[in-house]
Structures are given as C-alpha cells and as structure tokens.
Amino acid sequence: GSLEDARRMFDKMSVRDVVSWTAMVAAYAQTGRLEDARCVFDQMPQRNVVSWNAMITACSQNGHSKDALDLFRQMLLNGVEPNRITFITILDVCSSLAALAEGEKIHAIIVEKEFEADIVVGNSLVNMYGRC
C-alpha cells in the first residue's frame, strides 16, 4: 500500500504502540521524507532501541550524519542501551564524518557493552579507523 494509506490507518488507530510509531518513522524515512520521520519520532510517547535505530539510520542514509550522531548521544542520555545495529550504523556515521575522536568514544562504549567480539561490529570498527 501507499504511505498515505499507512498514515490514514495509523491516524485511525485507537491505541498506538512503539511498533506502530516506529513503522511510521521507517516508512517516512524509506521514502526520503526525513522531516516527516523526525516529526513522528519526536511525537512518540515512548521509544525503544529499534525506534532510535530507525531514526539514526534515516538520518545517516539521507545525508544527515551530524544529526545521526546527535541522536545517538540523545539516545544514550535517555538511558537507551545501544545494540549491534546501533553500533554498526553509528560507526559508519563516524566514518562518513571522519570523526575519529567520536569513533574512539564509541569504541570504548562497544568494549564496555561487550560488543567487540561481534564480527560485524568489529568490521565496522576496522572500517571506521581506516577511513578516519
């Protein structure tokens, strides 16, 4: 179906959970409507790591790397635990910005959260260090 149909359905829902909110963020992001995605994200009554990842990825894939990095920082300040998808995405953001200092901070968090053994996270670290 169309994005407009999805939005109409979303607006008619009597109860919206974090999954339905995140689906709308992702739908807007996938169609390049980043401002609409951010508007929905900002209106979410509650967010989880998947919601944050959806918005961080949306920014990253639409050329808004600094916004993605700011969202990652906000996510941490809100006490949301990053997962492997978060780390893979944000390391790519650091690579695109050549943000070595930020990448090193994220590497420390990866070690602290015991994600350094994850092969894809490890590859992302190598890529980030190589590009920075």
Side-chain angles (χ1 to χ4, degrees):
S2 73
L3 179 57
E4 289 73 25
D5 290 340
R7 182 61 201 225
R8 276 193 294 280
M9 184 94 115
F10 177 78
D11 288 340
K12 289 180 183 177
M13 294 173 73
S14 58
V15 177
R16 298 179 195 134
D17 62 9
V18 70
V19 175
S20 58
W21 282 95
T22 302
M24 284 309 306
V25 169
Y28 279 125
Q30 289 171 358
T31 58
R33 293 172 57 178
L34 191 59
E35 287 181 25
D36 290 326
R38 184 59 191 255
C39 183
V40 171
F41 180 80
D42 289 344
Q43 292 176 24
M44 291 179 75
Q46 64 181 35
R47 301 178 190 117
N48 62 17
V49 69
V50 177
S51 309
W52 284 96
N53 286 346
M55 196 64 232
I56 291 168
T57 300
C59 289
S60 173
Q61 291 178 346
N62 286 282
H64 295 267
S65 296
K66 289 182 182 179
D67 291 337
L69 198 50
D70 288 342
L71 281 165
F72 175 73
R73 291 183 192 121
Q74 289 175 20
M75 183 183 97
L76 295 178
L77 289 173
N78 281 296
V80 177
E81 288 287 320
N83 64 16
R84 72 189 299 262
I85 301 302
T86 314
F87 289 127
I88 293 163
T89 304
I90 207 63
L91 287 170
D92 187 56
V93 166
C94 290
S95 296
S96 71
L97 293 171
L100 179 60
E102 201 64 42
E104 288 174 331
K105 291 177 193 172
I106 293 165
H107 187 177
I109 296 169
I110 288 168
V111 171
E112 174 191 329
K113 304 289 183 191
E114 300 180 354
F115 278 89
E116 70 275 5
D118 184 292
I119 292 171
V120 180
V121 172
N123 286 342
S124 296
L125 277 165
V126 169
N127 183 51
M128 185 273 300
Y129 281 115
R131 290 174 66 192
C132 288

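For the single chain, residues carry numbers from 1 onward in sequence order.
- Residue Ile119 qualifies as open at atom CD1: its count of foreign heavy atoms under 6.0 Å is 12 or below.
- Proximity of Ile109 to Lys105: side-chain heavy atoms (C-beta onward) are nowhere separated by under 4.5 Å.
- Smallest separation of non-hydrogen atoms from Asn62 and Ala29: ND2-O, 3.9 Å.
- Of all non-hydrogen atoms in Tyr129 and His107, the two that sit nearest each other are OH-ND1, 2.8 Å.
- For the residue pair Ser60/Thr89, the side-chain donor-acceptor check at 3.5 Å is not satisfied.
- Here the two rings, on Phe10 and Trp21, have centers that are under 6.0 Å apart.
- With sequence neighbours excluded, no residue forms a salt bridge (charged side-chain N to carboxylate O under 4.0 Å, His left out) with Glu104.
- Nearest heavy-atom pair, Ala99 versus Cys132, reported as atom, atom and distance to 0.1 Å: N-SG, 3.7 Å.
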Could you go through the salt bridge (charged side-chain N to carboxylate O under 4.0 Å, His left out) check for Glu114 and Arg84 one step at a time?
CA-CA 10 Å; Glu114 300 180 354; Arg84 72 189 299 262; over 6 Å; no
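- Contact of the Arg38 side chain with the Tyr28 side chain is not registered, since no non-hydrogen atoms from C-beta on lie closer than 4.5 Å.
- When side chains are defined from C-beta on, Arg73 does not count as touching Asn78, because their heavy atoms never get closer than 4.5 Å.
- Hydrophobic cluster membership differs between Ile85 and Leu125, with clusters built from Ile, Leu, Val, Met, Phe, Trp and Tyr side chains linked at under 4.5 angstrom.
- Side-chain N/O atoms of Ser95 and Asp92 include no donor and acceptor closer than 3.5 Å.
- The hydrophobic cluster containing Ile110 also contains Leu100, counting ILVMFWY residues as joined when their side-chain heavy atoms lie under 4.5 angstrom apart, directly or transitively.
- Counting only distance, with no hydrogens or angles, the side chain of Arg131 and the backbone of Ala98 share no donor-acceptor pair below 3.5 Å.
- The shortest heavy-atom contact between Pro82 and Phe72 is CB-CE1, 4.3 Å.
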Verify side-chain contact (heavy atoms from CB on, under 4.5 Å) between Asp11 and Arg8, making sure each step is shown before the conclusion.
CA-CA 5 Å; Asp11 288 340; Arg8 276 193 294 280; 5.7 Å; no
Applying salt bridge (charged side-chain N to carboxylate O under 4.0 Å, His left out), run through Lys66 and Glu102 and close with a yes or a no.
CA-CA 11 Å; Lys66 289 182 182 179; Glu102 201 64 42; over 6 Å; no
Mind running side-chain contact (heavy atoms from CB on, under 4.5 Å) on Leu3 and Met24 for me, showing each step along the way?
CA-CA 9 Å; Leu3 179 57; Met24 284 309 306; 4.2 Å; yes
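- Remark: the Ser124 side chain and the Asn127 side chain contain no N/O donor-acceptor pair separated by less than 3.5 Å.
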Decide side-chain contact (heavy atoms from CB on, under 4.5 Å) for Ile106 and Phe87; before the verdict, give the C-alpha distance in whole Å, the side-chain angles of both, and the deciding distance to 0.1 Å.
CA-CA 8 Å; Ile106 293 165; Phe87 289 127; 4.0 Å; yes
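- Taking the side chain as every heavy atom from C-beta outward, Leu34 and His64 approach each other to under 4.5 Å.
- Linking ILVMFWY side-chain heavy atoms closer than 4.5 Å, directly or via other members, places Val120 and Val93 in a single hydrophobic cluster.
- Contact check for Val40 versus Arg7: side-chain heavy atoms found under the 4.5 Å cut-off.
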Using the rule given for side-chain contact (heavy atoms from CB on, under 4.5 Å), can you reason through Leu76 versus Glu81, listing the C-alpha separation, both sets of side-chain angles and the distance that settles it, and then say yes or no?
CA-CA 7 Å; Leu76 295 178; Glu81 288 287 320; over 6 Å; no
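- Side-chain heavy atoms closer than 4.5 Å link hydrophobic residues (I, L, V, M, F, W, Y) into clusters, and following such links, possibly through other members, connects Met13 to Val18.
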Run the side-chain donor-acceptor check on residues 49-56: report pairs under 3.5 Å with partners two or more places apart or on a different chain.
| unit_1 | atom_1 | unit_2 | atom_2 | d |
| --- | --- | --- | --- | --- |
| Ser51 | OG | Thr22 | OG1 | 2.7 |
| Ser51 | OG | Asn48 | N | 3.4 |
| Ser51 | OG | Asn48 | OD1 | 3.1 |
| Asn53 | OD1 | Thr86 | OG1 | 2.5 |
| Asn53 | ND2 | Val49 | O | 3.4 |
| Asn53 | ND2 | Asn83 | OD1 | 3.0 |
| Asn53 | ND2 | Thr86 | OG1 | 3.3 |

